[in-house]
Structure formats: structure tokens, C-alpha cells
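Note on naming: letters A, B, ... go to the chains in the order of the sequence lines (proteins, then strands), and numbering restarts at 1 for each one.
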Number of protein chains: 2
Amino acid sequence: MTNGKEDKEITIYDIAKRLKISPATVSRALQDHPRISAKTKKKIFELADEVGYRRNHFAGNLRSQKTQTIGVIVPRLNSHFMSSVIAGIELMANEHGYSLLISQSSESARKEADSAEAMFNSRVDGLMVSLAYDTNTLDHFDKFFRKKTPVIFFDRVKPHRSATSILIDNYQAAYDATKHLIEQHCKKIVHITAPPMQNVYKDRLAGYRSALEDAKIKFREENVIVTNLTQEAGYESAEKILKMKPLPDGIFVANDSCAIGCMIALKEKGIRIPEQIAFVGFNNDPMSTVIEPKLTTIAYSGFEMGEVAGRLLVNHLNSTSQINNTTTIILRSDLIVRQSSLKSPAGH
Amino acid sequence: MTNGKEDKEITIYDIAKRLKISPATVSRALQDHPRISAKTKKKIFELADEVGYRRNHFAGNLRSQKTQTIGVIVPRLNSHFMSSVIAGIELMANEHGYSLLISQSSESARKEADSAEAMFNSRVDGLMVSLAYDTNTLDHFDKFFRKKTPVIFFDRVKPHRSATSILIDNYQAAYDATKHLIEQHCKKIVHITAPPMQNVYKDRLAGYRSALEDAKIKFREENVIVTNLTQEAGYESAEKILKMKPLPDGIFVANDSCAIGCMIALKEKGIRIPEQIAFVGFNNDPMSTVIEPKLTTIAYSGFEMGEVAGRLLVNHLNSTSQINNTTTIILRSDLIVRQSSLKSPAGH
DNA sequence: GAAAAATATGCAACCGATTGCGCATTTTTC
DNA sequence: GAAAAATGCGCAATCGGTTGCATATTTTTC
């Protein structure tokens with residue numbers, strides 16, 4: 001069959017024996033330790049290469065008590081935004097020799113806690129989390145904080161003195177989105193969002209409110225619809241909207257899929273968008289360019305967020321930088337104007 | 001601060017000492033070894049629980065030469081289908097104590113080989129792969145085959161005597177899709193697909209062709225448009241279509257996003273869908289219900305595919321079943337008829 | 001050219017769980 | 001009641017790198 005050599009794993013002991021030196025020297029050489037002479041290193045690297053030596057992570061990690069693994073917990077894996085974030089994290093992690101342990105909470109705080117427990121037991125070197133819908137305490141991460149394992153929250157975050165957060169300025173983004181609707185002469189703007197338990201929804205609500213007030217439009221509780229932001233929820237919200245008198249002339253939704261569900265329902269009822277009701281979403285999901293009219297939305301890159309989070313964690317773990325110096329990182333977001341919000345003829 | 005106990009990791013030695021028994025007994029008890037008495041086990045479990053013992057994977061894996069890790073390589077992470085598959089795999093893997101090492105090839109055979117190499121070096125217990133666009137050899141998996149590490153291909157597969165494949169019947173699905181268009185009285189049906197290097201595209205092309213021939217419609221090379229199946233490619237393909245004389249009256253696209261790109265472009269040119277041109281896509285992407293008219297498509301569950309693949313691998317690794325007995329698993333797929341293909345008034 | 005400093009390598013004890021083998025104790029067998 | 005079988009547990013080696021400390025060798029210093 002095969003060579004025979006290829007079947008047995010090569011260890012540093014094999015290399016040491018062949019070169020008549022000690023395993024310690026081989027180990028150090030492989031780590032590019034300064035105390036090993038260039039000549040010896042060369043010999044070792046060449047032989048290692050020749051015989052196809054592969055470091056055994058388990059032996060090394062056992063000794064060094066590092067796992068070279070990063071845990072990632074997200075609400076769900078199969079959303080465009082989240083899978084982009086993960087792609088970004090993966091890129092950074094892979095580049096620096098870290099592996100990813102990925103788990104989803106399915107928007108449940110309990111499963112999030114379970115995942116955290118599992119991650120803890122797997123002794124991940126660092127943890128990245130985007131919180132579930134109904135997470136209202138960070139107690140399940142206490143173990144990590146106590147052990148000084150770095151934890152990074154992204155997008156859906158909660159402030160904590162031992163953790164770093166990466167997110168966009170949700171307040172400002174929502175302010176801009178709402179202001180844009182106002183500039184399109186909307187007078188009655190509805191906001192569809194999730195329960196304001198998570199920062200993202202609380203801040204978006206606040207931004208919406210401020211924009212209204214700055215334009216001397218009174219904020220009204222009854223113009224805020226709280227849902228779970230799924231596409232179905234959007235569809236159902238349309239009913240509530242149709243019952244409003246007068247009908248709103250603008251709707252700002254805290255996420256695109258929900259906005260799209262709502263638009264579809266309203267269109268079925270014969271509402272013209274944007275003429276009767278203008279729409280702004282949030283996230284720049286690929287779907288936002290498929291719906292008709294195309295959806296105005298807030299764009300921010302999940303991939304970039306993943307990269308930033310990944311880089312931050314990796315740098316900290318390799319201690320080129322201390323994570324503690326940073327508690328919050330704000331990434332850029334942009335309002336992308338499309339037809340769904342353009343009442344004025346400016347929109348070519 | 002904290003208890004003090006919580007800071008140091010508990011090992012089986014600690015438990016052994018406290019109970020005045022040997023670590024071997026503790027180890028065996030924790031594995032529910034039959035030779036340890038129920039009484040002893042009980043004591044051990046209780047203490048382990050009390051002091052918060054966590055098994056050290058590294059020590060165990062080092063000894064047992066198992067990593068309890070499954071490698072996953074996908075073309076890209078941020079597609080609805082792929083992230084669903086991964087969600088399915090994650091579920092199964094997690095349930096059985098396996099971790100996932102995830103990596104993306106970005107549709108490049110070279111990066112796929114790199115990832116495979118990395119997975120091999122991480123000594124994954126098993127590997128799941130959906131092949132990149134331009135992968136035309138499985139040589140980069142030889143190492144796994146030689147080492148008898150199980151490899152499962154899913155969706156985008158290539159037959160190999162040492163690997164198992166999980167996929168749908170692409171031929172039949174494409175046949176059904178095309179037949180459906182024919183039943184809608186389409187006479188000239190265009191097929192947009194990717195280069196037929198991968199099974200999925202080859203089989204879909206064959207199904208399309210057979211359906212035509214069975215309906216006594218001549219298959220014409222010039223009615224097949226080869227692209228990379230992105231949404232942009234669909235958009236661009238519309239140009240080619242508009243130049244055809246006569247215009248086709250039906251288009252079967254090998255994936256939804258490309259179909260949608262094409263539909264958007266055609267709509268912009270004033271083509272009426274489905275009246276002038278009927279559309280059928282493939283994958284049942286969430287976008288397919290957002291486009292107008294809603295897209296008829298082939299539905300199959302990525303989540304389920306992930307679950308099946310995960311279960312198969314896990315069972316094999318736990319040797320409750322041998323994977324070698326199975327070389328191919330075909331999952332169910334369904335034609336979902338929506339407005340985009342309904343020329344006849346039968347549509348609801 | 002001897003002492004001091006710098007460089008290069010080795011020894012051996014870890015890290016924590018697993019497991020073949022052996023011994024001791026208890027139970028079964030006839 | 002002695003031999004055989006079953007049960008319960010411990011000893012000690014093992015998996016493969018890592019690293020503090022010691023030792024050996026070379027280079028520098030004056």
C-alpha cells in the first residue's frame with residue numbers, strides 16, 4: 001500500500017533520535033526558541049518537513065494549558081448577518097492558528113447558558129457571543145470572567161466591566177433612518193422592533209424617538225409595535241398597521257426580514273409603497289434588494305464585525321495588546337437609500 | 001474574591017485523594033466502567049459534581065488518540081443553505097459530544113486543499129465536505145482515506161470508494177422542474193447553470209435534457225447558459241436571454257439567487273413573468289418568496305442534510321454502525337410551485 | 001590565558017486521563 | 001469446603017510536547 005512511514009505519526013522523539021539530539025531541543029527549535037542555534041534549527045526543520053511531522057495539539061495544549069480554540073455563540077447560524085460574522089471570525093482565527101468552536105443558542109437564554117457551559121468545559125481560550133433575545137443577565141459567563149478568559153460581545157451586547165463589546169451606533173443609525181423618513185415628509189412614523197431588552201433594540205428605539213422629537217413630532221407609545229422581528233411577525237404586524245387611523249406614512253423596522261414580511265402583507269392589501277407608506281429596514285440583508293420596491297436600510301458589514309472581533313481576541317491572546325484597555329468598539333454603519341422610502345421625486 | 005477552590009482545576013487525582021482511592025478507579029467510574037461497584041461510582045460522581053470536576057479533553061484525547069472533533073469544509077459559510085446544513089451538523093455533533101472545526105474554501109480548490117491539510121493536522125476524527133466549484137480531484141483527501149478517517153461529502157459530491165455521499169436526486173429534481181415548465185406549455189426552455197464539473201450541475205443538466213427529450217422537445221446546446229450562478233451572473237444572463245430569437249418562454253435556473261437576479265433584470269426590461277417567461281429555481285432560498293412573482297423552486301432541507309450527515313458520522317465514530325456499508329444517501333426534494341411558473345390559470 | 005559572559009543543548013519532571021495486567025476479595029459451583 | 005469464576009480495585013506505564021534548571025561549549029573581555 002503506502003510507504004509505512006506515513007501511517008505512524010512522527011513525534012519530536014523520532015526527530016530527536018534521528019538527529020541524535022534531545023527532544024527538548026527539537027521542541028524549542030520548532031518554536032523558534034532563540035537559544036537554539038540556526039544550524040540546529042535548520043536541520044530540525046528540514047527533517048521535520050521531510051518526514052511530515054505534525055505537532056500534536058493535545059500533548060502541547062495539555063502541557064501549556066492553552067486550547068488554541070475560540071468559542072462562538074450566536075443566536076442562530078443561518079442568518080445572513082451571523083454567517084457573515086462567522087466567516088469573518090473564521091478568517092482571522094484560521095490565520096493565527098486558532099480553531100472555532102461554534103454553537104447556537106436558538107435565541108434562548110437557557111441554551112445560551114448551556115452552550116457557555118459546554119464552551120467552558122472545552123476550555124476555550126476566548127469567547128465571542130452575540131446574545132439571545134431573552135438574555136437578561138450575564139451570570140452564565142461569570143465563570144469566564146472569574147477565570148479571566150476574555151469574552152467579547154458583538155452586535156447584541158450587554159455592558160460588563162470584564163468584557164469588550166463590538167457593535168455599531170444603533171442610536172445614530174436609527175436616528176438617521178428616522179430622520180430620512182421625516183425628510184421624505186413622513187408625519188406619522190411607526191417603529192417595529194423587538195422587546196427593548198437588548199441594546200440593539202433599545203438604542204434603535206431611542207434613536208427613532210430622538211429624531212422625532214428633534215423634528216417636533218410627538219413620540220407616541222402606540223406607534224411602536226413590538227414583535228419578534230421574524231418575517232412572519234412582519235406579515236402579522238401589517239394587520240395592526242392597517243387598523244391605525246390615520247394610516248402611518250412611514251415605517252422604520254429594526255430588521256430587514258421583518259420589514260419585508262410587512263411590506264409583502266401591505267402590498268397584498270393594496271397599499272402602495274412608498275407613496276402611501278415609506279419603509280426603512282435594518283441590516284442590508286440580500287433580500288432587501290429583491291423586494292419591490294427595494295428596501296432602504298442600514299448597512300453594516302457582518303464580515304467586518306467578525307474580522308474586528310477575531311483580530312481583537314487573537315491579539316489579546318497572543319498578548320500583543322491587552323483587551324482590557326478597550327471596552328467598546330463602534331463600527332461604521334450607513335444608511336442606504338433605495339426606492340422603498342423615496343416619496344420625493346429626487347430618487348431618479 | 002472567590003472560593004479559591006474554583007480557581008484551580010480539579011483533576012481525577014484530587015478526587016482520588018479525597019476519596020482515598022486510586023485515580024484509575026476514578027477514571028473508570030467516570031466512564032461507567034462495569035468493573036467498578038455502584039457504591040464507589042456513586043461516591044465518585046457525587047464528589048465530582050460537588051467540586052465541579054471537568055474532564056480535561058486534552059489529557060484524554062492525548063491518551064486515546066481521538067480528538068472528538070469533526071471537520072467541516074464548505075464553499076462558503078454565508079449562504080442560507082450552507083449555514084442551515086451547519087446548523088444541522090452542529091445539533092447532531094453537540095448532542096454526541098463532538099465539536100466542530102469549520103472552514104470555508106471560498107469556492108477555491110486550492111483553499112479547499114489547504115483547509116483539508118489544516119483539518120488533517122488537527123487530527124479531526126471525521127470530515128464533512130461540500131466541494132468547491134473548481135475541485136476536480138479528490139487527491140487532497142488521500143491522507144484521510146489512507147488513515148481511514150471517515151469522509152462524508154454532502155450536496156456537492158464526487159464519488160469515491162472510500163467516502164460516503166449525501167445528496168438529493170438532482171437528476172430527478174431537474175427533470176420534475178423542467179417537466180413542470182413543459183406542462184405549463186413552455187416550448188423553449190432555457191437552462192442557466194454552472195460549469196457541469198460538479199455532480200449537482202451535471203445531474204441537473206441531464207434531468208433538464210431528459211425531460212425535454214421525453215416531451216419530444218429537441219435539446220439545444222445554445223439554450224444552456226453557463227455562469228457562476230451568483231445573483232449578478234443572473235442579472236447579466238438576462239442580456240443573453242433578451243438577444244435570443246425567439247425569446248424563451250421558460251427558464252430553469254440551477255439556483256435561486258441566480259434566478260432572482262435574472263428575473264429582476266428581465267422585469268426591468270419589461271418582460272412579464274410568468275406570462276412571457278416562466279421561471280423555476282433551485283434551493284428554496286428564503287428570497288424565493290420575496291421576489292415577485294414568487295419563485296417556483298426545488299426545496300430540500302439543508303438542516304436535514306446536516307443532521308443526516310452528522311448522525312451518520314457520529315454513529316460511525318461511535319461504531320454503532322459502519323459507514324462503509326453506505327456509499328450514497330439520497331434525501332428527499334420537492335418541487336414547490338409558486339406564481340413564477342404558473343402560466344395556466346390553475347394557480348390557486 | 002584565565003575569568004566572565006554568552007550561547008547551545010540536555011535532563012527530567014511535568015500536564016491529566018487511560019488501560020493492560022495483576023492481586024485481592026467475594027461469590028458461585030459441585 | 002476447596003476449586004473455579006466473578007467482581008473490585010490499584011500499579012505503573014503511556015500519550016507527545018513543554019520548560020525550569022543544570023551543564024557543556026564557545027566567545028568575549030582585560
Nearest-Å distance, CG (B/L62) to P (C/dT19)? 12 Å
From the options C/dC15, C/dC11, C/dT19, select the nucleotide whose nearest atom is closest to the side chain of A/Q65. C/dC15
Is the shortest side-chain N to carboxylate O distance from B/K147 to A/E9 below 4.0 Å? yes
Have a look at B/I21 and say if it touches a base, only the backbone sugar-phosphate, or nothing, with a 4.0 Å heavy-atom cut-off. sugar-phosphate
For atom CZ of A/R35 and atom C1' of C/dA5, their distance in whole Å: 11 Å
Rounded to the nearest angstrom, tell me the gap between atom NZ in A/K17 and atom P in C/dG10. 15 Å
So what does B/R55 hit on the nucleic acid, given a heavy-atom distance under 4.0 Å: a base, only sugar-phosphate, or nothing? sugar-phosphate
Quick one: which of C/dT19, C/dT9, C/dA17 gets closest to the side chain of A/S37? C/dT9
Parallel, tilted or perpendicular, as decided by the 30° and 60° cut-offs, for the rings of A/H160 and A/F145: parallel
Do B/Q31 and B/S27 pair up side chain to side chain, a donor and an acceptor below 3.5 Å, judged on atom types alone? yes
Taking the six-membered ring for Trp, are B/F141 and B/F153 ring centroids under 6.0 Å apart? yes
Below 4.5 Å, heavy atoms only, C-beta onward: do B/V74 and B/V85 meet side chain to side chain? no
Could you report the tightest heavy-atom contact between A/R55 and A/G60, atom names first, then the distance? NH2-CA, 3.5 Å
Separation of B/Q68 atom CD from C/dT18 atom C1', in whole Å? 14 Å
Tell me which of B/A59 and B/A38 sits closer to the 5' end of DNA chain D, going by the nucleotide each one is nearest to. B/A38
From CD1 of B/I12 over to P of C/dT19, roughly how many Å is that when rounded to an integer? 11 Å
Got a sec, which pairs hit salt bridge (Lys or Arg N to Asp or Glu O under 4.0 Å) with one end in residues 90-108 of chain A, sequence neighbours left out? A/E107-A/R156
Here the pair of heavy atoms bringing A/S115 nearest to A/I73 is CB-CD1, 3.8 Å
Heavy-atom nearest nucleotide on DNA chain D taken for B/T25 and for A/F58; more 5' hit belongs to B/T25
Counted 5' to 3', the first and last nucleotides of DNA chain D within 4.0 Å (strictly under) of a heavy-atom of chain A are D/dG16 to D/dC21
Nearest whole Å is fine: how far is C/dT19 P from B/L30 CG? 13 Å
Heavy-atom nearest nucleotide on DNA chain C for B/S64 versus A/R28: which residue maps closer to 5'? A/R28
Separation of B/T135 OG1 from B/K111 NZ (nearest 0.5 Å): 13.0 Å
Taking 4.0 angstrom as the limit, do B/D114 and B/R110 come out as a salt bridge? yes
Quick one: is B/S27 getting a side-chain N or O under 4.0 Å of the C/dT18 phosphate, OP1 or OP2? yes
What does the inter-axis angle of the helix from C/dG1-D/dC30 to C/dC30-D/dG1 come out as, five pairs per end, nearest 10 degrees? 30°
Could you give the CD1-to-C1' distance, from A/I44 to C/dT9, as a whole number of Å? 10 Å
Think B/Y13 has a side-chain N or O under 4.0 angstrom from the OP1 or OP2 of C/dC14? no
